[in-house]
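Structure first, then comments.
One-based numbering, in listed order, for ligands and for the atoms of each. Note that these values count all heavy atoms, side chains included, but never hydrogens, waters or copies made by symmetry. We number each residue from 1, following the sequence as shown.
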Amino acid sequence: MKKSEIVVLAGGNGYIGGTAAFALQEAGFVPVIIDNFSTSKKGALKGFEILEAELTDFSKTKSVLKKVGPIAGIIHFAAKALVPESFKIPGLYYTNNLVSTVNLAEVSVDLGIPVFLHSSSCAVYGVPKEVPIPETASLQASSPYGDTKIMAEILLDRYHQMEKLKVLHLRYFNPAGAWPKYFWGEAHDPETHLIPNLILSAIKNEPVSLFGDGYSTPDGSCIRDFIHVVDLAEAHVKALQMLLAGKTMPPRLNIGRGEGSSVLQVIQTAEKVLGKKIQVRREPARAGDPPQLVADVTLMRKVLDWMPAKSLSNMIEDDWTWRSSTVK
Ligand SMILES: NC(=O)c1ccc[n+]([C@@H]2O[C@H](COP(=O)([O-])OP(=O)(O)OC[C@H]3O[C@@H](n4cnc5c(N)ncnc54)[C@H](O)[C@@H]3O)[C@@H](O)[C@H]2O)c1
């Protein structure tokens, strides 16, 4: 890799994009962020060039990126990503997530940006027929949000087939944790994810919600494959380096640990890590929450020659360290 190659992070002001920005910088890249601050705070991320643009506006996106200089690759993190919200305002999800994707693809072609990494999701699998889930599993999302990830994959695959872009979809499972060294963690509003809510409950001594306890799993709660956000960021660095080096890659990779933990197991782990009892409030299951999502990571391990290093306890510990310094 040439040092100081510019990589544009669309939606890079958010939780995963911000973490990736630090990891890319450590690897010698120059991350440039483009964001509309719709689901993240302006000014929260520091130390990078951050440009404001609405990605659903093609002309604005193109004119902003044109000024950046030669761009080696784009990583497309920008999306509205709350499953429950996507049932309430599906039109906004379809518009925001798909128009931003087609605009970024078109701008990349126009500006000759060769490499395009896309933040996809295990939400594309809906309720999977087999677990762990291989990349070849059939796609059937359980929410409008999941639909947008399937549709974005389809449209970007077409650009790839037409040899206009080198596209790689990274299908994230459940990112969690923080990067306390950089004072960076998950700060969504509203927060729908388990680990941040669990830590907030522990800090405030309030019960955490358990959505559904009648799933067909050993303890009745949902099973998810949690991956530390710093490991996830490292996967981006590896994948990008390989694409830029001209390595042949499969079109899509699951990115997880290949290990399932139920919601109740996560709560028990948090109690051990924090040395604190956490109260649980049982609530009805949420629409769009499949019983089990665990990645088959065979292809990821083989292609990237890599496995995530951090444990569920590390995710809980790091979120706690970061969040307890931010919550007033
Ligand atoms: N967090 C997860 O659990 C998870 C799991 C699987 C996949 N993903 C995907 O990873 C990506 C990043 O997720 P995250 O948790 O960091 O989300 P986030 O909400 O923290 O970050 C998304 C960023 O994109 C920006 N954005 C959204 N629409 C935009 C637009 N039209 N123009 C410009 N900027 C826009 C937001 O302001 C925000 O900074 C998303 O594509 C999401 O679907 C996330």
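Where the criterion is an N or O separation shorter than 3.5 Å, residue side chain and backbone included, Leu55 meets it with respect to ligand 1. Backbone and side-chain nitrogen or oxygen atoms of Glu186 are examined, and none is located within less than 3.5 angstrom of a nitrogen or oxygen of ligand 1. Residue-to-ligand polar distances place Tyr15 within reach of ligand 1: an N/O pair is separated by less than 3.5 Å. In terms of polar-atom proximity, Lys80 is not counted as a contact of ligand 1, lacking any N or O under 3.5 Å from an N or O of the ligand. Polar contact check, Ser120 against ligand 1: no nitrogen or oxygen pair lies under 3.5 Å apart. When only interatomic distances are considered, the shortest N/O to N/O separation between Pro175 and ligand 1 does not fall below 3.5 Å. In terms of polar-atom proximity, defined here as any N/O pair under 3.5 Å, Ile16 does make such a contact with ligand 1. Residue contacts with ligand 1: Ser121 is placed with no nitrogen or oxygen under 3.5 Å of a nitrogen or oxygen of the ligand (distance criterion only). Residue Tyr172 places no N or O, backbone or side chain, under 3.5 Å from any N or O of ligand 1.
Partner of His228 under the side-chain hydrogen bond (donor to acceptor under 3.5 Å, both in side chains) criterion, out of Asn314, Asp319, Asp318: Asp318 alone.
Counting the atoms of ligand 1 from 1 in the order shown, those under 4.0 Å from a heavy atom of Ala53 are 32 (N), 33 (C). The Phe37 neighbourhood of ligand 1 comprises atoms 37 (O), with distances under 4.0 Å to a heavy atom of that residue. Residue Ala81 approaches ligand 1 through these ligand atoms, each under 4.0 Å from one of its heavy atoms: 42 (C), 43 (O). Every atom of ligand 1 is numbered from 1 in the order shown, and the set under 4.0 Å from a heavy atom of His193 is 1 (N), 2 (C), 3 (O). Close approach to Lys149 involves these atoms of ligand 1, each under 4.0 Å from a residue heavy atom: 40 (C), 41 (O), 42 (C), 43 (O).
Regarding atom 18 (P) of ligand 1, its nearest protein heavy-atom neighbour is His188 NE2, 3.5 Å. Residue, atom and distance of the protein heavy atom nearest to atom 35 (C) of ligand 1 are Asn36 OD1, 3.0 Å. The nearest protein atom to atom 36 (C) of ligand 1, hydrogens excluded, is given as Thr39 OG1, 3.1 Å; this is a heavy-atom distance. With respect to atom 21 (O) of ligand 1, the closest heavy atom belonging to the protein is Gly14 CA, 3.4 Å. Closest to atom 23 (C) of ligand 1, if we only count protein heavy atoms, is Gly11 O, 3.4 Å.
In this structure, CG in Asp289 is found 4.5 Å from OH in Tyr215, a value given to the nearest 0.5 Å. The distance from the NZ atom of Lys164 to the CD atom of Gln161 is 12.5 Å, given to the nearest 0.5 Å. With rounding to the nearest 0.5 angstrom, the CG atom of Asp213 is 9.5 Å from the OG1 atom of Thr217.
Salt-bridge check for Lys42 with Glu52: passed, with a basic side-chain N closer than 4.0 Å to an acidic carboxylate O. Between Lys276 and Glu271, none of the side-chain N atoms (NZ, or NE/NH1/NH2) sits under 4.0 Å from a carboxylate O, so this pair counts as no salt bridge. Between Lys181 and Glu26 a salt bridge is recorded (basic side-chain N to carboxylate O distance below 4.0 Å). Look at Lys238 and Asp305 and you find no salt bridge, because none of the NZ, NE, NH1 or NH2 atoms lies under 4.0 Å from a carboxylate O. Ionic pairing of Arg171 and Glu153 is present here: one or more N-O contacts between side-chain nitrogen and carboxylate oxygen are shorter than 4.0 angstrom.
Members clustered with Val83: Leu82, Phe87, Ile89, Leu92, Tyr93, Tyr145, by chain and number, using a 4.5 Å side-chain heavy-atom cutoff among hydrophobic residues.
Residue Tyr145 holds the heavy atom nearest to atom 9 (C) of ligand 1 of all those in Phe77, Tyr145, Phe226, Tyr93. When the options Asp35, Val83, Ile50 are ranked by their closest heavy atom to atom 25 (C) of ligand 1, first place goes to Asp35.
Ligand 1 has at least one atom lying under 4.0 Å from a heavy atom of Asn96.
For Lys88, the salt bridge (charged side-chain N to carboxylate O under 4.0 Å, His left out) test picks out no residue, with sequence neighbours left out.
His76 and Thr101 form a side-chain donor-acceptor contact under 3.5 Å, judged by distance and modelled atom types alone.
If you look at Tyr172 and His236, their ring centroids are closer than 6.0 Å.
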